[in-house]
Amino acid sequence: MAARLLPPSGGDTLWASGIAAFESLSAPLARMLDGLTAEHDMVKSFPAHRFARTPDERVRWDEARAKNPPVIHPVIRTHPVSGLRGLFVNEGFTTRIVELAAKESDALLRLLFAHVAKPEHTVRWRWKLHDLAFWDNRLTQHYATADYLPHRRVMHRATVLGDKPV
């Protein structure tokens, strides 16, 4: 990602390490999560009521939804290069833990989302014009702070298609 236009202040990006988050779990919780799977759905972050408000937007949204149906991934993912394990749940896309009842899933996901976002698992980047950042999205989450409005932040981003999480 490259910073092209920045606000006078704010607009930082935070990255959280799923590996650091997993490694700091208690052993009993880590064992409980091992083997569980979670559903990830784009609609959680891109709901139709916000992104399909006009007929043209609805066509684009329906096409995106058809190309990106909900998928099931392991809650604990193994990085294909390093072999390290990490939490693979994300507040923006993870909707439920498949093997649990709805209330159990909701409670556990709230705990895991908060755990991943703890400051000790994150790094905060304060952008300067033309900064360039690369990250491995396989076990990393990012969050762009929205503390700069009404100013604009323009970033150019390229995404490499990844592998299937295991």
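- Looking at heavy atoms from C-beta onward, Leu29 lies in side-chain contact with Leu111 at the 4.5 angstrom threshold.
- In the displayed structure, Trp125 atom CH2 is contacted under 6.0 Å by at most 12 heavy atoms of other residues, nucleotides or ligands.
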### Message
Between Asp106 and Arg96, is the salt bridge (charged side-chain N to carboxylate O under 4.0 Å, His left out) condition met? List the steps.
### Response
CA-CA 7 Å; Asp106 291 347; Arg96 66 188 177 101; over 6 Å; no

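- For the pair Arg58 and Asp62, the salt-bridge criterion is met [side-chain N within less than 4.0 Å of a carboxylate O].
- None of Arg126, Arg124, Arg153, His142 except one satisfies the side chain to side chain donor-acceptor pair (under 3.5 Å) rule with Thr13; the exception is Arg153.
- Remark: the backbone N or O of Glu91 is not paired with any side-chain donor or acceptor of Thr94 at under 3.5 angstrom.
- A salt bridge links Arg85 and Asp34; the closest N-O separation between the charged side-chain nitrogens and carboxylate oxygens is under 4.0 Å.
- In this structure, Ser105 contributes its side chain and Leu100 its backbone to no donor-acceptor pair below 3.5 Å.
- For the pair Thr37/Val75, no side-chain contact is recorded, criterion being any heavy-atom separation below 4.5 Å from C-beta on.
- Side-chain atoms of Phe51 and Glu57, non-hydrogen and from C-beta on, never get closer than 4.5 Å to each other.
- Closest approach of Leu87 to Ala21, counting heavy atoms only: CD1-CB, 3.8 Å.
- Between Phe88 and His73, the ring-plane angle classifies as perpendicular under the 30° and 60° cut-offs.
- At a threshold of 4.0 Å, the pair Arg4-Asp131 does not count as salt-bridged, since none of the basic side-chain nitrogens sits closer than that to a carboxylate oxygen.
- Nearest heavy atoms, Val89 versus Ala38: CG1-CB, 4.4 Å.
- Scanning all heavy atoms of the two residues, the minimum distance from Trp127 to Ala133 falls at CH2-CB, 3.5 Å.
- Side-chain contact, His121 with Ser17: no donor N or O sits under 3.5 Å from an acceptor N or O.
- Separation of atoms CG (Asn90) and OG (Ser45) is listed at 7.0 Å; rounding is to 0.5 Å.
- Inspection of the Thr54 and Asp56 side chains reveals no N or O donor paired with an N or O acceptor under 3.5 Å.
- In this structure, the side chain of Glu104 engages the main chain of Ala101 through a donor-acceptor pair within 3.5 Å.
- In the hydrophobic clustering of ILVMFWY residues, with side-chain heavy atoms under 4.5 Å counting as a link, Val154 and Met1 come out apart.
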### Task
Start with the C-alpha distance between Val160 and Asn137, add both sets of side-chain angles, then the distance that settles side chain to side chain contact (heavy atoms under 4.5 Å, CB included), and finish with yes or no.
CA-CA 9 Å; Val160 178; Asn137 226 25; over 6 Å; no

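- Hydrophobic cluster membership differs between Leu25 and Leu84, with clusters built from Ile, Leu, Val, Met, Phe, Trp and Tyr side chains linked at under 4.5 angstrom.
- The shortest non-hydrogen separation linking Phe22 to Ala30 is CE1-CB, 3.9 Å.
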### Query
Stepwise, does the side-chain hydrogen bond (donor to acceptor under 3.5 Å, both in side chains) test hold for Ser24 with His115?
CA-CA 9 Å; Ser24 70; His115 182 73; 3.0 Å; yes

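- Closest of all the heavy-atom pairs between Ala64 and Met42 is O-SD, 3.8 Å.
- In plain terms, the two heavy atoms of Leu108 and Leu33 that are nearest each other are CD2-CD2, 3.7 Å.
- If you take CG on Leu139 and NE2 on His79, they are separated by 6.0 Å, rounding to the nearest 0.5 Å.
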